[in-house]
Amino acid sequence: MPPVIPFTDLSRLHSPLGSRILRAWSRLLRNAAFVHGPAVSRFEERFAQVCGVPHAVAVHSGTAALRLTLMALGIRPGDEVITVPNSFFATAEAVTLSGARLVFCDVHDKSYTLDPQKLSACITSRTVGVIPVHLYGQSADMDPIRRLARRHGLFVLEDACQAHGAEYKGRPCGSLGNAAAFSFYPSKNLGACGEGGCVNTADAALAGKIRALRDHGQRLRHNHLFIGDNARLDTLQAEALTIKLSFLESWTRRRIRAAQWYAEYLHQFRVPVTPPMAAEYARHVFHLYVVQSARRDALRRYLESHGIQTGVHYPVPIHLTPAYRHLQLPAGSFPIAEGLSRRVLSLPLFPHITRAQVKCVVRTMINYLC
Ligand SMILES: *Cc1c(COP(=O)(O)O)cnc(C)c1O
């Protein structure tokens with residue numbers, strides 16, 4: 001039996017665009033230009049425009065976007081880079097793979113994003129940069145982060161992998177730091193039909209270097225200037241992304257509307273969960289609609305048994321994963337992030353979710369909690 005309410009619904013999203021995507025793909029099959037070419041540049045131009053930045057460099061994934069940017073910034077062994085423990089694993093992974101020392105900073109207990117109040121205590125003479133994560137679709141509080149970064153000469157790399165179309169004080173996420181990494185993983189607010197990612201920046205030299213790094217460090221063929229990687233965006237994905245990009249704003253508005261329905265019903269029925277905070281500085285684009293409940297795991301099982309799919313983002317803070325055991329950061333090191341990992345629950349939310357479906361999710365929660 002299929003779930004009554006899925007966590008997300010990509011087939012519904014694609015049904016009106018499928019024929020356009022397939023037409024673009026059959027053209028590609030005929031001309032066999034599968035790697036780069038004008039389709040990739042076209043997507044880069046449009047995405048840069050939407051994000052209000054001069055340069056967008058399309059790459060293979062959000063992880064590649066983070067990795068190549070850190071490579072291009074010229075991290076040296078011993079350098080320290082600060083990020084948060086409550087992100088997708090890739091944020092920390094990219095720092096470690098760059099050769100930098102990973103330093104975690106705990107998050108704000110309401111916004112769940114990097115807490116500027118805790119940031120200065122994490123900065124040492126070896127710190128070179130900070131990666132705030134715009135978690136669940138809401139911008140980190142960038143002004144105080146940027147002020148601290150400027151004072152200490154640090155780069156700011158936005159992890160905007162969950163923040164397509166999000167804003168901070170009216171400015172697009174992805175235009176607020178030295179560079180920003182986006183992911184087009186299928187379930188992201190703008191998703192490819194496979195893998196994809198992008199680096200946005202206003203820094204022409206940085207963009208040029210990342211452009212070379214994604215293609216084995218070459219600018220011209222067989223002229224390898226740097227040691228890079230193969231991290232190019234598939235042309236098939238660029239075609240699909242260009243078509244999907246024109247729907248991003250309408251999908252974003254639908255996500256925000258669905259989040260308003262949740263807020264309304266959770267309030268109206270006095271459901272004992274903590275709803276997401278919409279910070280006054282942010283346009284929250286609700287990549288995820290995340291509530292907190294002390295009975296999260298049991299609530300999740302109950303919803304599942306009633307055909308409602310949910311998610312947990314993220315059940316284990318990165319410093320407590322087996323992969324980072326060597327950092328020897330014991331439980332209790334980052335109390336806000338750790339508390340969130342025990343209580344957060346992501347409810348079904350996708351552009352075409354209906355008001356009735358949202359109401360059904362909330363009613364089912366009440367049946368269990370009240
Ligand atoms: C999805 C995601 C990534 C990684 O993106 P991929 O395209 O899957 O490599 C990195 N950071 C955050 C916050 C993400 O949500």
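Note that ligands are numbered from 1 as they come in the structure, with each ligand's atoms numbered from 1 the same way. Nothing here was measured: the structure is a model prediction, and the numbers come from that model.
- Taking the ring centroids of F184 and F47, they lie under the 6.0 Å cut-off.
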Per-pair distances, 0.1 Å, donor-acceptor, side chain in residues 311-329, under 3.5 Å, sequence neighbours excluded:
| unit_1 | atom_1 | unit_2 | atom_2 | d |
| --- | --- | --- | --- | --- |
| H313 | ND1 | S346 | OG | 2.8 |
| Y314 | OH | Q162 | NE2 | 2.9 |
| H319 | NE2 | E338 | OE2 | 2.8 |
| T321 | OG1 | I318 | O | 2.7 |
| Y324 | OH | A92 | O | 3.2 |
| Y324 | OH | T96 | OG1 | 2.5 |
| H326 | ND1 | A323 | O | 3.2 |

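- Salt bridge annotation for E304-R300: absent, with no cationic side-chain nitrogen under 4.0 angstrom from a carboxylate oxygen.
- No side-chain donor-acceptor contact under 3.5 Å links Y281 and Q138.
- A cation-pi arrangement is present between R363 and F269, with the terminal nitrogen or guanidinium carbon under 6.0 Å from the aromatic centre and inside a 45° cone about the axis.
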Tabulate distances under 3.5 Å between N/O atoms of ligand 1 and N/O atoms of the protein, writing both atom names on each line.
| unit_1 | atom_1 | unit_2 | atom_2 | d |
| --- | --- | --- | --- | --- |
| ligand 1 | 5 (O) | S183 | OG | 3.3 |
| ligand 1 | 7 (O) | G62 | N | 2.8 |
| ligand 1 | 7 (O) | S183 | OG | 2.6 |
| ligand 1 | 9 (O) | G62 | N | 3.4 |
| ligand 1 | 9 (O) | T63 | N | 2.8 |
| ligand 1 | 9 (O) | T63 | OG1 | 2.5 |
| ligand 1 | 11 (N) | D159 | OD1 | 3.4 |
| ligand 1 | 11 (N) | D159 | OD2 | 2.8 |
| ligand 1 | 15 (O) | Q162 | NE2 | 2.8 |
| ligand 1 | 15 (O) | K188 | NZ | 3.0 |

- Take Y302 and H306, measure what ring-ring contact (aromatic ring centres under 6.0 Å, His included) needs, and give me the verdict at the end. CA-CA 6 Å; Y302 183 84; H306 286 75; 4.2 Å; yes

